[in-house]
Structures are given as C-alpha cells and as structure tokens.
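A quick write-up on the structure given underneath.
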Amino acid sequence: MKKVEAVIRHYKLEEVKNALTQAGIQGMTVTEVRGFGRQRGHKETYRGAEYTVDFLPKVKLEVVVGDNEVAKAIQTISDVARTGQIGDGKIFVTSLQDVVRIRTGETGPEAI
C-alpha cells in the first residue's frame with residue numbers, strides 16, 4: 001500500500017478529483033496548504049508599498065492506494081494538474097506499513 005500526496009493548484013482540485021474517481025480510485029483527503037518551491041512566491045503592491053508574498057496557496061490531496069494502482073494515480077494526477085507553468089506542484093509517494101478501518105477493525109488492503 002502506498003500514500004500518494006500531491007500538492008497542486010487549488011483551481012485544479014475538482015478536475016483531479018473527478019479524474020481519480022473515473023480512474024476507480026476512491027477516497028481522498030484534501031487540505032488547504034501554503035508554501036513555495038523554486039518560484040519563491042511573488043511580489044505585490046499594496047497602497048504604494050511593494051512586498052513579497054512568500055507562501056502561495058495550494059491544495060494537498062492525499063490518496064491511499066494498493067501497490068498496483070500507484071502508477072495510475074500518479075499518471076492521472078500529473079496529466080490533469082499540469083499547466084506547464086512554474087508552480088504546478090509535486091507528487092510524493094510513501095509506503096504504508098498498515099491501515100486500519102476504525103469502524104470495522106479491518107486492516108491492510110481491505111481497509112482502504
């Protein structure tokens with residue numbers, strides 16, 4: 001089992017969610033986050049004063065999938081979230097030792 005975390009642009013969330021659902025990937029957690037990568041934020045002017053906005057708003061999407069669905073999840077997120085511009089985001093994949101469904105006590109892949 002793997003956890004796929006994707007930090008994407010906020011306006012791409014609905015498209016990515018719909019594409020993952022169509023790909024048969026169910027269940028996700030979404031968190032509004034702020035951060036920066038290579039783009040290092042941007043400059044804005046407010047009442048004549050220029051200041052730098054370091055942390056840009058993004059959305060972090062987390063899905064837990066079986067080992068056989070990892071490539072499909074990554075490809076789906078990449079294809080839909082890509083705009084070709086700096087700031088499209090990142091995808092992180094980590095291994096999960098175990099998953100437990102609280103309601104039933106199921107563990108492992110059955111709990112996904």
Side-chain angles (χ1 to χ4, degrees):
M1 296 173 295
K2 305 283 188 202
K3 179 164 77 166
V4 179
E5 296 177 77
V7 178
I8 61 173
R9 298 176 187 271
H10 64 280
Y11 62 86
K12 288 290 193 173
L13 176 61
E14 275 303 309
E15 290 178 65
V16 171
K17 180 188 75 143
N18 293 337
L20 286 171
T21 301
Q22 287 179 352
I25 297 170
Q26 298 177 349
M28 62 186 66
T29 301
V30 176
T31 311
E32 291 185 20
V33 296
R34 295 176 5 155
F36 66 89
R38 290 184 190 166
Q39 67 194 98
R40 297 272 187 213
H42 64 277
K43 294 190 185 318
E44 287 188 6
T45 303
Y46 179 71
R47 295 188 177 183
E50 187 176 276
Y51 64 98
T52 302
V53 178
D54 288 333
F55 295 104
L56 300 174
K58 301 285 183 180
V59 173
K60 182 165 82 170
L61 172 73
E62 298 172 278
V63 294
V64 176
V65 296
D67 292 335
N68 59 335
E69 293 182 303
V70 174
K72 178 170 52 171
I74 292 170
Q75 192 63 50
T76 300
I77 295 168
S78 295
D79 290 346
V80 177
R82 182 179 297 120
T83 68
Q85 303 295 316
I86 292 175
D88 276 349
K90 296 263 192 303
I91 298 174
F92 305 97
V93 179
T94 54
S95 295
L96 294 179
Q97 184 175 340
D98 202 3
V99 176
V100 178
R101 180 172 295 164
I102 295 172
R103 179 178 55 87
T104 62
E106 293 172 297
T107 60
E110 295 82 33
I112 295 179

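Side chains are part of it too, since the values below use all heavy atoms of this structure and drop only hydrogens, waters and symmetry mates.
- Residues L20 and V59 share a hydrophobic cluster, clusters being chains of Ile/Leu/Val/Met/Phe/Trp/Tyr side chains in contact below 4.5 Å.
- Under the 4.5 angstrom side-chain criterion for Ile, Leu, Val, Met, Phe, Trp and Tyr, V100 has no cluster partners at all.
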Donor-acceptor pairs under 3.5 Å, side chain of residues 5-13 to any protein atom, not counting sequence neighbours: which ones?
residue: E5; atom: OE1; partner: K60; partner atom: NZ; Å: 3.4
residue: R9; atom: NE; partner: D88; partner atom: OD1; Å: 2.9
residue: R9; atom: NH2; partner: I86; partner atom: O; Å: 2.8
residue: R9; atom: NH2; partner: D88; partner atom: OD1; Å: 3.3
residue: K12; atom: NZ; partner: V80; partner atom: O; Å: 3.3

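- With sequence neighbours left out, E15 forms a side chain to side chain donor-acceptor pair (under 3.5 Å) with no residue at all.
- A side-chain N or O of E106 and one of T104 form a donor-acceptor pair less than 3.5 Å apart.
- M1 and V70 are assigned to two separate hydrophobic clusters, defined by single-linkage of ILVMFWY side chains at heavy-atom distances under 4.5 Å.
- Using a distance-only test at 3.5 Å, with no hydrogens or angles considered, a donor-acceptor pair links the side chain of R101 to the main chain of I112.
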Using a 3.5 Å cut-off and no angle test, enumerate the donor-acceptor pairs between side-chain atoms of residues 21-36 and protein atoms at least two apart in sequence or in another chain.
residue: T21; atom: OG1; partner: K17; partner atom: O; Å: 2.9

Acceptor/donor pairs from residues 90-99 side chains to any protein atom, 3.5 angstrom cut, sequence neighbours excluded:
residue: S95; atom: OG; partner: K2; partner atom: NZ; Å: 2.9
residue: D98; atom: OD1; partner: G108; partner atom: N; Å: 3.2

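- Taking D79 as the reference, Q75, R82 meet the side-chain contact (heavy atoms from CB on, under 4.5 Å) condition, with sequence neighbours excluded.
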